[in-house]
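First the structure, in the form of structure tokens, and then the observations on it.
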Amino acid sequence: MGGAALRNWQNINGLARLGPVDVVSVGLPADETRPAPVVRAWRHFPYGTRPFATRMAAKLWRWRPNGHPHIDGYWHPGAAATIRAGGPYDCGVVEELSLARYAGPLRAACKTLVFDAHNVEAELRAAMSASETLIDRRTREAEAAIIGACDLVWACSETDAADIRRRYQPAAPVHAVPNGIRLEDYAPPSGARRAVESGNPVSKPVSLLYAGTYSYPPNEDAALRLIRDVAPALRARGVEAEIVLAGRKPTAAMREAASRAPGVTVTGETPSIVPYFHAADVVMAPIALGSGTRLKLVEAFAARVPVVTTAKGAEGLDAEPGVHALFAETPEETAGAVARLAGDPALRDRLTGAAYALAQAAYSWDVAARLIAESLGVAPADARPDPGAPSAAHAPGAA
């Protein structure tokens, strides 16, 4: 259902190599779970089953000390009670700042409490706000509190780990656990058309893909940049392109802009994002905002599709400009990078080969599982092999 879900599933499977894992989740009724081979017990609590008082408290967050719309919105007394009743656990993980209130129940139920920081949220909100708002201040305070309350912090990259140490100076160690994927889930089907594999020139028009959940503002911003800025720059160069914006919750602004731009498709939610990678000639990441790391780039590396990205889009990854991807900051530079890829099969082959090797070496589930074990003081030799669970790559939505 998106990058957060892919990271959660990675961590569940990494922990399952160390022992039995129980999962408690809060969300929509449609998110109801089905049995997963690596999960011992999974309890899901839909928002609608929260008591009336809990729902009202979430709506009145502004007037409550330390109230926060997202953190209060994910609070479910039934989920907290289930956590308290389920212990004792050797390790408890709070996934994302939105679930920060569950640190209390988990602290009582587990020996080691971990906060998994999907982003440095205060950094992200500061980048998106012209001036500090109440939500910005409450986010910073909540992030400081959860980091201070935990025994261990996981960050998505060394860049984020350094930001957390600089901002909050935590007593707990901060370990980088990268966003990883099961590379085999992204392998192009046998016999699939792929210009970068055949060595033939990319067919016209060039198919450009951006994948995301667009309720996340940095993804909407990148999509609008593609439609409003990059597409005209491509036409000015005489490059015929089809832009596919694949993923959940496209915004009204995106749909309106796409309706006025030729060659732009907005898919909405899809059964699987993987076929869109297989059909793309280039994966685009004109990202100007954000934190964490972009799994969509790692997915493109695994699918052997060349990438054009900004430095911000590749932030936190060990991708080098001109080695693993082409970097471009302005619409004109981005259009030029696409034109280069369209006319240079050798460049595409070189980039995709190096990018796949990077994904294999640094962004696989095996790497993430090893780093999870090491952060918890477990020797990798004592961990179990990959249980071989189905991949979240084929869940609805996008990366």
Side-chain angles (χ1 to χ4, degrees), residues 1-15 23-27 31 68-71 73-74 92-103 106 113-128 135-136 138-140 142-147 149-150 152-165 167-168 170 172 174-181 211-219 222 247-249 285 287 289-299 312-317 363 365 367-368 371-372 375 392-393 395 397-399:
M1 301 299 291
L6 284 171
R7 181 171 178 84
N8 294 346
W9 193 230
Q10 161 194 287
N11 293 347
I12 289 168
N13 280 271
L15 289 166
V23 176
V24 174
S25 55
V26 180
D31 297 332
H68 192 285
H70 301 143
I71 295 172
Y74 277 98
V93 181
V94 176
E95 289 288 355
E96 298 192 78
L97 185 62
S98 294
L99 300 178
R101 286 185 66 180
Y102 294 99
L106 273 170
L113 180 59
V114 179
F115 173 56
D116 184 30
H118 289 213
N119 299 292
V120 185
E121 296 292 347
E123 191 97 6
L124 175 58
R125 291 207 64 89
M128 293 191 298
I135 296 179
D136 296 340
R138 295 278 178 89
T139 295
R140 186 181 67 251
E143 195 164 55
I146 183 66
I147 288 171
C150 289
L152 177 64
V153 178
W154 293 340
C156 293
S157 68
E158 291 292 352
T159 300
D160 277 13
D163 285 346
I164 289 170
R165 296 186 193 106
R167 274 184 170 270
Y168 300 114
V174 183
H175 290 259
V177 175
N179 287 323
I181 59 173
T213 297
Y214 297 102
S215 56
Y216 181 54
N219 282 336
R248 305 169 66 218
K249 300 181 179 178
I287 296 168
L289 304 169
S291 182
T293 60
R294 265 54 64 178
L295 263 162
K296 60 179 98 307
L297 266 67
V298 179
E299 292 177 302
K312 170 59 76 172
E315 186 177 63
L317 299 175
Y363 303 111
W365 270 12
V367 171
L371 293 171
I372 286 171
S375 75

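In this view, Y363 satisfies the ring-ring contact (aromatic ring centres under 6.0 Å, His included) rule with no residue, not counting sequence neighbours. Every residue was checked against the ring-ring contact (aromatic ring centres under 6.0 Å, His included) condition with Y214, not counting sequence neighbours, and none meets it. In terms of the salt bridge (Lys or Arg N to Asp or Glu O under 4.0 Å) criterion, residue partners of R167 (sequence neighbours excluded) are, by chain and number, E123.
Here the shortest heavy-atom pairing between I164 and P170 reads O-CD, 3.8 Å. For the pair L371 and P178, the tightest heavy-atom approach, listed with the atom from each and the gap, is CD1-CD, 3.4 Å. Counting all heavy atoms, side chain and backbone alike, S157 lies closest to G316 at CB-O, 3.4 Å. Shown here for L99 and E95, the closest heavy-atom pair between the two residues is CD1-O, 3.2 Å. The shortest non-hydrogen separation linking A176 to E158 is CB-OE2, 3.6 Å. Annotation for A103 and I146: closest pair CB-CD1, 3.4 Å, computed over non-hydrogen atoms.
No side-chain heavy atom of I372 sits under 4.5 Å from any side-chain heavy atom of H175. The shortest side-chain heavy-atom distance between V94 and V114 does not fall under the 4.5 Å cut-off. In this structure, the side chains of T139 and H70 stay at 4.5 Å or more apart for every pair of heavy atoms. Within the 4.5 Å cutoff, the side chain of L97 has heavy atoms near those of the I71 side chain.
Here I147 contributes atom CD1 and L152 contributes atom CG; the two are 11.5 Å apart, rounded to the nearest 0.5 Å. In this structure, R140 CZ and I135 CD1 are separated by 13.5 Å, a value rounded to the nearest 0.5 Å. Atom CG in L295 sits 4.0 Å away from atom CG in N179 (nearest 0.5 Å). To the nearest 0.5 Å, atoms CG (D136) and CZ (R125) are separated by 4.5 Å.
With no hydrogens or angles considered, a side-chain donor-acceptor pair links D116 and N11 at under 3.5 Å.
Judged by distance alone, with hydrogens and angles left aside, the side-chain atoms of E96 form no donor-acceptor pair with the main-chain N or O of H118 at under 3.5 Å. For the pair R294 (side chain) and G313 (backbone), a donor-acceptor distance under 3.5 Å is present. Using modelled atom types, no side-chain atom of Q10 and backbone atom of W365 make a donor-acceptor pair closer than 3.5 Å. A donor-acceptor contact shorter than 3.5 Å is absent between the side chain of D160 and the backbone of C156.
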Legend entry - Derivation and outcome, side-chain contact (heavy atoms from CB on, under 4.5 Å), residues F115 and V93: CA-CA 6 Å; F115 173 56; V93 181; over 6 Å; no
Inset, instruction - Check the pair R248, Y216 against side-chain contact (heavy atoms from CB on, under 4.5 Å), reporting the backbone distance first and the verdict last. - result: CA-CA 10 Å; R248 305 169 66 218; Y216 181 54; over 6 Å; no
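In summary, E315 and K312 engage in a salt bridge, as defined by a charged side-chain N under 4.0 Å from a carboxylate O.
Atom OH of Y102 has more than 12 heavy atoms from other residues, nucleotides or ligands within 6.0 Å.
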